[in-house]
2 protein chains.
Amino acid sequence: MAVQKSVSLKEVADKAGVSIATVSRVINSKTVVKGETELRVQKVIRQLGYRPNRVAQRLRTTKGASKLIGLLIPDIRNPFYVDIIRGIEQYAYARNFAVIIGNFSQDEERQKFYIETLKSESVDAFIVAPFPGMNEYVKELSEEGYAVVCIDRGLPGVDLDVVKVDNFQGAFDAVEHLIRAGHTRIGHITGNRQIPTTMERVAGYEAAYARYGLAIDRDIIVGRDSDYQSGVDLAAHLLGLPGPPTALFTSNNLLTLGALETIHSRGLKIPEQVAIVGFDDMDWAMSLNPPLTAVRQSGFEIGRIAIELLHQRIADPARPFVSIVLKTELIVRNSCGYMLRGGYEVHKDS
Amino acid sequence: MAVQKSVSLKEVADKAGVSIATVSRVINSKTVVKGETELRVQKVIRQLGYRPNRVAQRLRTTKGASKLIGLLIPDIRNPFYVDIIRGIEQYAYARNFAVIIGNFSQDEERQKFYIETLKSESVDAFIVAPFPGMNEYVKELSEEGYAVVCIDRGLPGVDLDVVKVDNFQGAFDAVEHLIRAGHTRIGHITGNRQIPTTMERVAGYEAAYARYGLAIDRDIIVGRDSDYQSGVDLAAHLLGLPGPPTALFTSNNLLTLGALETIHSRGLKIPEQVAIVGFDDMDWAMSLNPPLTAVRQSGFEIGRIAIELLHQRIADPARPFVSIVLKTELIVRNSCGYMLRGGYEVHKDS
DNA sequence: TGTAAAAATGTAAACGTTTTCAGTATAGTC
DNA sequence: GACTATACTGAAAACGTTTACATTTTTACA
């Protein structure tokens, strides 16, 4: 019941009456093979259903041609990362690349494990969404000569290719939208504050406040982790305050969903009693009641660009590092209430 | 800038003054090595930070010891599959297994591609959620000697290990719940009808109707694909009917979300104007407004059991095939309306 | 037709392991 | 001290590729 051995180069060579070198050449077509021979070999390959063994290929070529890349993702439950995966996969599929996903579930130990595993699988490149505390490891990767692209956030003080969005502007737009809808007391549920992305969004929040001459109340900017439960708990905290905010700006997908749970469980009406804008749009944001106003960042696009960058770097390791910053888009739906100062209508009857 | 060569067995052997065979033995500890030698080698391993190269290991061992399994998933956007991935990963992580995920996005061509890729990566086992039209390929896999576990649904006429849930009962419970809440005209949005799972759920729907002596109206059992857009469109169709259903039973996650979009966009009140129960619970079902009543199947548990089964089969290829059917659980929240016939209260003030 | 150059093909090493088999050191026994 | 059994270790093959180098065949041209 052992796995059936699959067809090897040698078998093809024997049947075609040539050496394995020739068969290899036919397949990789780097060197010329006589037309007649080539045809004969091709035929045998088809007959036998030969497929190169990727393991042997990788063992042989230490270069950068292993056509395997490692992907390190902090939390696959977050649809944003799922979009990134899809963006990467699509490109990879088209180029016969394979991708190994390491979902480390926000666990340092596990991130280390995956890095080691992927290294020993001879990936020739990494796409990483860095997680606090792991900067050193990612830096090492790059120093060891792996092609590395960071997504979602860069590494402070380290030169690398980065693909991210303009978090500052995205947050600014969201908060500005709320302010224009008449809110002056906007609670902000931030993500993990060790993540630069989080802080950029906080900065955007503050800038919008400053722009409209509003005073910032640090008591309604709260953060813990970047997960669902934090959203639930922190929303409860904010809404339980003596002077609760009239609107919430949540810093990611999961926090938004968590906050929503709290809002609904308290029977609060959106947007009449609390307005909400979330960072990260979701495929099914329209399915929420009311449909959610959100800052869209295209994970799919981020993934696609990341793997293209990787591809480029493998081809040309000396290319200067680039940092690509994508624009976000505010998708206005119905969770923000009526505008008070004009020019920015968002409401329609539910 | 090529990737730094990592430490090999040979380097360790040289530095420790032994042969590579001995080092290998120290690592795998199948055979005895003299205590003194072992210690010396261990020390060098630590000093040099040696890590076995998994690629070379896999090339060498054609057995079933490659510690790599392939996972074939139809649609990573569906949170149900994400849960499965997490269940598998957790176990894999604990046992030093690696998992390669092939998300084929409901595309036959791509599923084939991934099967081939995973084979040529020398995985020694597959976990597959079979997709219509691909039964042959999966069957082949098993015949070729790979350990294969099917999740979510089995393969008609093929003996394999299967982990799934009791779809019939799950659907029955959902529909019964709706009936007891007073609904007699329940629209059913099914998934792809080529998927056995879909048909089992339809059967559960019909059984509940029969159990309560209700006549089935086939016009309100509609299905196309198992995706979001189908949910949107089919809900629109049902709710646009001359005598529209008063309740909807949706056959999966994505269909539910799609239907919800339609319901909200039409401004219909849940549960007063349309009730809804979905198959598949979601982490954030509480965040919907109103919180969704749903049939929960634990993807995490399915994944965990699947990989355990795989582990067993690798250890003992002769073990008889088993089919594990997990129970579902109806999670009653607020999307179904008031009960009319007593004994089954679900409502609380929103 | 003979020869040199070009084209096509073959040989063998290498990638980093595991494992069989053979060999050597150690201990035990008389 | 010699001999055997046992414990340990090393040499080498094998896994399926790619590729540098060597060799053979073909072509071109006199």
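Protein chains get the first letters and strands the later ones, always in sequence-line order, with residue 1 at the start of each.
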A:Asp124 CG to C:dC15 P, in whole Å, measures 18 Å
Just to verify, which of A:Leu309, A:Asp316, A:Leu310, A:Ile314 counts as forming a side-chain contact (heavy atoms from CB on, under 4.5 Å) with A:Gln312? A:Leu309
Straight-line distance of A:Thr22 OG1 to A:Arg40 CZ, nearest 0.5 Å: 9.0 Å
Suppose we screen for side-chain contact (heavy atoms from CB on, under 4.5 Å). Which residues come up paired with A:Ser120, at least two apart in sequence or across chains? B:Arg54
Please list, in numerical order, the residues of residues 44-54 of chain A that have a heavy atom closer than 4.0 Å to any atom of DNA chain C. none
With a 4.0 Å cut-off, would you call A:Arg25 and A:Glu38 a salt bridge? no
Report the distance from atom CG of B:Leu9 to atom P of D:dA14, rounded to the nearest whole Å. 19 Å
Report, as a single string ordered 5' to 3', how protein heavy atoms within less than 4.0 Å touch nucleotides 20-26 of chain C: B base, S sugar-phosphate only, - not at all. B------
For A:Asn28 and D:dT17, what is the distance between atoms CG and C1' respectively, to the nearest whole Å? 9 Å
Output the rounded distance in Å from CD (B:Glu38) to P (D:dA7). 16 Å
Comparing B:Ala56 with A:Thr22, nearest DNA chain C nucleotide closer to 5' gives the residue A:Thr22
Name the atoms and distances for all side-chain donor-acceptor pairs under 3.5 Å in residues 153-162 of chain A, with sequence neighbours left out.
unit_1, atom_1, unit_2, atom_2, d
A:Arg153, NE, A:Pro130, O, 2.5
A:Arg153, NH2, A:Pro130, O, 2.6
A:Asp161, OD1, A:Arg313, NH2, 3.4
A:Asp161, OD1, A:Arg319, NH1, 3.3
A:Asp161, OD1, A:Val322, N, 2.9
A:Asp161, OD2, A:Arg313, NE, 2.7
A:Asp161, OD2, A:Arg313, NH2, 3.2
A:Asp161, OD2, A:Arg319, NH2, 3.2

Check side chain to side chain donor-acceptor pair (under 3.5 Å) between B:Asp227 and all other residues, then give those that pass, not counting sequence neighbours. B:Ser230
Side-chain N or O of B:Thr61 less than 4.0 angstrom from OP1 or OP2 on C:dT19? no
The side chain of B:Leu59 lies closest to which of these nucleotides: C:dA12, C:dG16, D:dT9? C:dG16
Only pairs at least two apart or in different chains count here, so list each ring pair (Phe, Tyr, Trp, His ring centres under 6.0 Å) that has a residue in residues 106-125 of chain A. A:Phe113-B:Tyr93
Could you state the atom-to-atom distance from NZ of B:Lys10 to P of C:dA14 in whole Å? 11 Å
Atom CD1 of A:Ile27 and atom C1' of D:dG16: how far apart are they, to the nearest Å? 11 Å
OP1 or OP2 of D:dC8 under 4.0 Å from side-chain N/O of B:Thr37: no
Mind checking B:Ser8 for me? I need base, sugar-phosphate or nothing, with any heavy atom below 4.0 Å counting as a touch. sugar-phosphate
Separation of A:Gln57 atom CD from D:dC15 atom C1', in whole Å? 14 Å
Assign A:Val18 to base, sugar-phosphate, or nothing according to its heavy-atom contacts below 4.0 angstrom with the strands shown. sugar-phosphate
Measuring from the side chain of B:Ile20 (C-beta onward, heavy atoms only), which nucleotide among C:dT17, C:dT11, D:dT17 has the closest atom? C:dT17
Integer-rounded Å distance: D:dT17 C1' and B:Arg58 CZ: 14 Å
Would you compute the distance between atom CG of B:Asn103 and atom CD1 of A:Ile101 and round it to the nearest 0.5 angstrom? 7.5 Å
Using atom types as modelled and distance alone, determine if a side-chain donor or acceptor of A:Lys10 lies under 3.5 Å from a backbone N or O of A:Ser19. no
Flag the pair A:Lys15 / A:Leu48 as yes when at least one side-chain heavy-atom distance between them is below 4.5 Å, and no otherwise. yes
